Visitor: 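Quick one: the structure is below, and I'll ask about it shortly.
Atoms considered below: every heavy atom in the structure, side chains included; atoms not considered: hydrogens, waters and symmetry mates. Fair warning: this is a prediction, and the values are worked out from it, not measured in the lab.
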Amino acid sequence: MAAPNWRSLLFVPATAEKFVAKAHTRGADVIILDLEDSIPPGEKEAARTALPGAARQVRGGGPEVCVRINRPLELAVPDIVATVLPEVSALMLPKAMGPEHVRLLAEVVASREAALGLPEGQVRLIPVVETAESLPLLPEIARAHPRVAAIGVGAEDLCTELEAEPGADALYAFGMQVVAAARAAGVLPMGSVGPFADFSDLDAYRASLRRSRRLGFGCAACIHPSQVAPINEEYGPSPAEVDRARRLIATFDQSVAEGRGAVAFEGAMIDLPVVDRARKVLARAR
């Protein structure tokens with residue numbers, strides 16, 4: 001399966017009717033209806049009950065729908081039963097333990113798809129690594145199953161376990177592991193090397209996103225609507241980048257048609273690796 005063309009994924013509690021009603025207006029490519037951290041233990045079943053209606057409402061407004069399920073198996077399985085629906089494109093798997101964990105949950109998803117007559121593979125998976133123990137398994141988790149669409153680390157939980165301060169210093173090394181593992185597996189590297197929960201300084205947040213995009217990240221999840229536009233703008237190609245990519249490819253294709261393998265473009269020589277990067281820019285354009 002090809003990696004999806006996502007930039008921004010916005011968390012919304014599945015039971016927050018006011019937020020769900022406005023979710024499709026926030027500009028996010030994906031709305032993550034949350035059954036995990038934002039839902040108290042006593043309200044898990046109510047959240048599952050609310051999920052189908054919330055998914056229909058969000059999907060009807062345009063964005064794709066993802067659902068973050070709970071980690072404990074006794075919660076994860078009923079979460080999957082409740083949330084594998086025609087409107088749902090992906091499930092986020094928090095605290096992914098390793099490739100076998102991903103494959104186990106993928107089996108439950110496949111069984112539910114078959115029971116509902118949904119297309120096989122409709123529901124993709126987004127494993128999130130949040131423990132030091134699972135960090136070395138990032139490459140294996142990224143390749144664990146064809147349903148995996150993106151992978152990231154949970155900055156807040158991971159830094160808490162490491163007794164580190166969330167931010168560029170602590171997250172750089174792990175972020176680059178995510179990028180390498182994801183790109184090798186052909187899935188989206190999700191996240192950034194900046195703090196996840198702080199939306200008080202959007203200029204600093206944007207600067208962090210810009211750096212993270214240069215490092216290779218492809219999409220980012222966020223918790224506040226004000227973070228969506230900076231993600232879309234920094235993680236998606238600008239009109240100028242798209243225009244340049246089109247002109248570069250056209251110049252190269254003309255060169256190849258004339259029997260040449262490399263050609264000058266805007267003061268530099270371009271060859272296949274440069275053209276491949278330009279094609280990836282066009283693939284990310286929306």
Visitor: Check whether any side-chain heavy atom of Glu130 lies under 4.5 Å from a side-chain heavy atom of Val153, and answer yes or no.
Guide: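 SC-SC contact between Glu130 and Val153 ruled out.
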Visitor: Would you say that more than 12 heavy atoms from the other residues, nucleotides or ligands in this model lie under 6.0 Å from the CD of Glu120, or not?
Guide: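 Counting neighbours around CD of Glu120, 12 or fewer heavy atoms of other residues, nucleotides or ligands fall under 6.0 Å, so no.
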Visitor: Kindly compute the distance separating CG (Leu272) from CZ (Phe252), expressed to the nearest 0.5 Å.
Guide: 4.0 Å
Visitor: Is it the case that atom CE in Met176 sees more than 12 heavy atoms from other parts of the structure closer than 6.0 Å?
Guide: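 Yes, CE of Met176 has more than 12 neighbouring heavy atoms, counting only those of other groups under 6.0 Å.
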Visitor: Is there a side-chain contact between Pro189 and Val178, using heavy atoms and a 4.5 Å cut-off?
Guide: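 Pro189 reaches Val178 side chain to side chain.
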Visitor: With the side chain counted from C-beta on, respond yes when Val102 and Val148 share a heavy-atom pair under 4.5 Å apart, and no when they do not.
Guide: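 Result yes, sub-4.5 Å side-chain heavy-atom pair found.
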Visitor: Hey, is Arg7 close enough to Glu233 for a salt bridge, meaning N to O under 4.0 Å?
Guide: no
Visitor: Any chance you could measure Leu248, atom CG, to Glu266, atom CD, to the nearest 0.5 Å?
Guide: 7.5 Å
Visitor: How many angstroms lie between CG in Leu75 and CD1 in Ile80, if you round to the nearest 0.5 Å?
Guide: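 Reported to 0.5 Å precision, the distance equals 11.0 Å.
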Visitor: Identify the two heavy atoms, one from Ile141 and one from Pro99, that lie closest to each other, and give their separation to 0.1 Å.
Guide: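 Nearest heavy atoms, Ile141 then Pro99: CG1-N, 3.8 Å.
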Visitor: How far apart are the closest heavy atoms of Val263 and Arg260, and which atoms are they?
Guide: CG2-NH1, 3.7 Å
Visitor: Can you see which heavy atom on Val123 is nearest to which on Glu113, and at what distance?
Guide: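 So the minimum-distance heavy-atom pair works out to N-OE2, 2.9 Å.
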Visitor: Any side-chain heavy atom of Val30 within less than 4.5 Å of one from Pro63?
Guide: no
Visitor: Flag the pair Glu100 and Arg103 as a salt bridge only when some basic side-chain nitrogen lies within less than 4.0 angstrom of an acidic carboxylate oxygen.
Guide: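 A salt bridge is present here (some side-chain N lies under 4.0 Å from a carboxylate O).
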Visitor: Within the distance-only criterion (no hydrogens, no angle test), does the side chain of Ser208 pair as donor or acceptor with the backbone N or O of Ala204 below 3.5 angstrom?
Guide: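 Judged by distance alone, no pair lies under 3.5 Å.
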Visitor: Where do Ile151 and Met190 land on the side-chain contact (heavy atoms from CB on, under 4.5 Å) test, with the steps shown first?
Guide: CA-CA 6 Å; Ile151 188 170; Met190 182 180 68; over 6 Å; no
Visitor: Are Phe265 and Arg244 close enough that some pair of their side-chain heavy atoms sits under 4.5 Å apart?
Guide: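 Yes, side chains in contact.
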Visitor: Can a side-chain donor-acceptor contact be found between Thr83 and Asp79 if the only test is distance below 3.5 angstrom?
Guide: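 No, because no side-chain N or O of Asp79 sits under 3.5 Å from a partner of the opposite role on Thr83.
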Visitor: Where the side chain of Arg112 meets the backbone of Ala115, is there a donor-acceptor pair that is under 3.5 Å apart?
Guide: no
Visitor: Under the 3.5 angstrom rule, does the side chain of Gln122 hit a backbone N or O of Val88 as a donor-acceptor pair?
Guide: yes
Visitor: Find the distance between CZ (Arg211) and CG (Leu209) and round it off to the nearest 0.5 Å.
Guide: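 If I round to the nearest 0.5 Å, the distance is 12.0 Å.
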Visitor: Please check: side-chain N/O of Ser8 versus main-chain N/O of Ile231, any donor-acceptor pairing under 3.5 Å?
Guide: no
Visitor: Do Arg147 and Glu107 meet the salt-bridge criterion of a basic N to acidic O distance under 4.0 Å?
Guide: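 Looking at Arg147 together with Glu107, the answer is no, because their closest N to O distance does not fall below 4.0 Å.
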Visitor: Would you find a donor on one side and an acceptor on the other, under 3.5 Å apart, between the side chain of Asp29 and the backbone of Glu64?
Guide: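 It does not hold such a pair.
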Visitor: Using a strict 4.0 Å threshold on nitrogen-to-oxygen distance, state whether Glu234 and Arg206 make a salt bridge.
Guide: yes
Visitor: Donor-acceptor pair, Thr25 side chain versus Lys22 backbone, under 3.5 Å?
Guide: yes
Visitor: Over all heavy atoms of both residues, which pair between Pro52 and Ala82 is shortest? Give the atoms and the distance, please.
Guide: CG-O, 4.3 Å
Visitor: Any salt bridge between Asp34 and Arg48, counting N to O under 4.0 Å?
Guide: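 Not counted as a salt bridge, because no side-chain N and carboxylate O are separated by less than 4.0 Å.
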Visitor: For the backbone of Ser192 and the side chain of Ser212, can you confirm whether one donor and one acceptor N or O come within less than 3.5 Å of each other?
Guide: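 Absent.
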Visitor: Does Arg68 form a salt bridge (Lys or Arg N to Asp or Glu O under 4.0 Å) with Glu36? I'd like the steps, not just the answer.
Guide: CA-CA 6 Å; Arg68 180 166 69 171; Glu36 196 211 17; 3.2 Å; yes
Visitor: Looking only at heavy atoms, what is the nearest atom pair of Gly98 and Leu137, with distance?
Guide: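 Closest approach of Gly98 to Leu137, heavy atoms only: CA-CD1, 4.0 Å.
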Visitor: Which heavy atom of Ala14 sits nearest a heavy atom of Ala47, and at what distance?
Guide: CB-O, 4.3 Å
Visitor: Rounded at 0.5 Å granularity, tell me how far CG in Leu9 sits from CD1 in Ile32.
Guide: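 One gets 4.5 Å once the value is rounded to the nearest 0.5 Å.
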Visitor: When you measure from the side chain of Ser89 to the backbone of Cys66, do you find a donor-acceptor pair of N or O atoms at a distance under 3.5 Å?
Guide: no
Visitor: Answer yes or no: is there a donor N or O on one side and an acceptor on the other, between the side chain of Gln177 and the main chain of Leu138, under 3.5 Å?
Guide: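 No.
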Visitor: In the structure I gave you, are the side-chain heavy atoms of Gln227 and Tyr205 within less than 4.5 Å of one another anywhere?
Guide: yes
Visitor: Given the rule in the side-chain contact (heavy atoms from CB on, under 4.5 Å) test, do Glu45 and Thr49 qualify, once you have shown the distances and angles that lead to the verdict?
Guide: CA-CA 6 Å; Glu45 186 56 41; Thr49 300; 3.9 Å; yes
Visitor: Within a reach of under 6.0 Å around CD of Glu163, are more than 12 heavy atoms found that belong to other residues, nucleotides or ligands?
Guide: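 Atom CD in Glu163 is not packed in, count stays at 12 or less.
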Visitor: Donor-acceptor pair, distance only, cut-off 3.5 Å: does the side chain of Lys44 make one with the backbone of Leu35?
Guide: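 Judged by distance alone, yes, a pair lies under 3.5 Å.
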Visitor: Step by step, would you call Lys95 with Val128 a side-chain contact (heavy atoms from CB on, under 4.5 Å)?
Guide: CA-CA 6 Å; Lys95 301 174 180 64; Val128 180; over 6 Å; no
Visitor: Check whether any side-chain heavy atom of Tyr235 lies under 4.5 Å from a side-chain heavy atom of Pro230, and answer yes or no.
Guide: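 No, their side chains stay 4.5 Å or more apart.
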Visitor: How long is the span from the CG atom in Leu10 to the CD1 atom in Ile31, to the nearest 0.5 Å?
Guide: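 Leu10 atom CG to Ile31 atom CD1 measures 4.5 Å (nearest 0.5 Å).
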Visitor: What I want to find out is whether Lys280 reaches Asp276 closely enough, with some N-O distance under 4.0 Å, to be called a salt bridge.
Guide: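 Salt bridge: no.
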Visitor: Do Leu51 and Leu85 have side chains that approach each other closer than 4.5 Å (heavy atoms only, starting at C-beta)?
Guide: yes
Visitor: Is Val242 linked to Trp6 within one hydrophobic cluster, defined over Ile, Leu, Val, Met, Phe, Trp and Tyr using a side-chain heavy-atom separation of less than 4.5 Å?
Guide: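 Cluster IDs for Val242 and Trp6 differ.
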Visitor: Evaluate side-chain contact (heavy atoms from CB on, under 4.5 Å) for Val12 paired with Val58, printing each intermediate quantity in order.
Guide: CA-CA 10 Å; Val12 175; Val58 171; over 6 Å; no
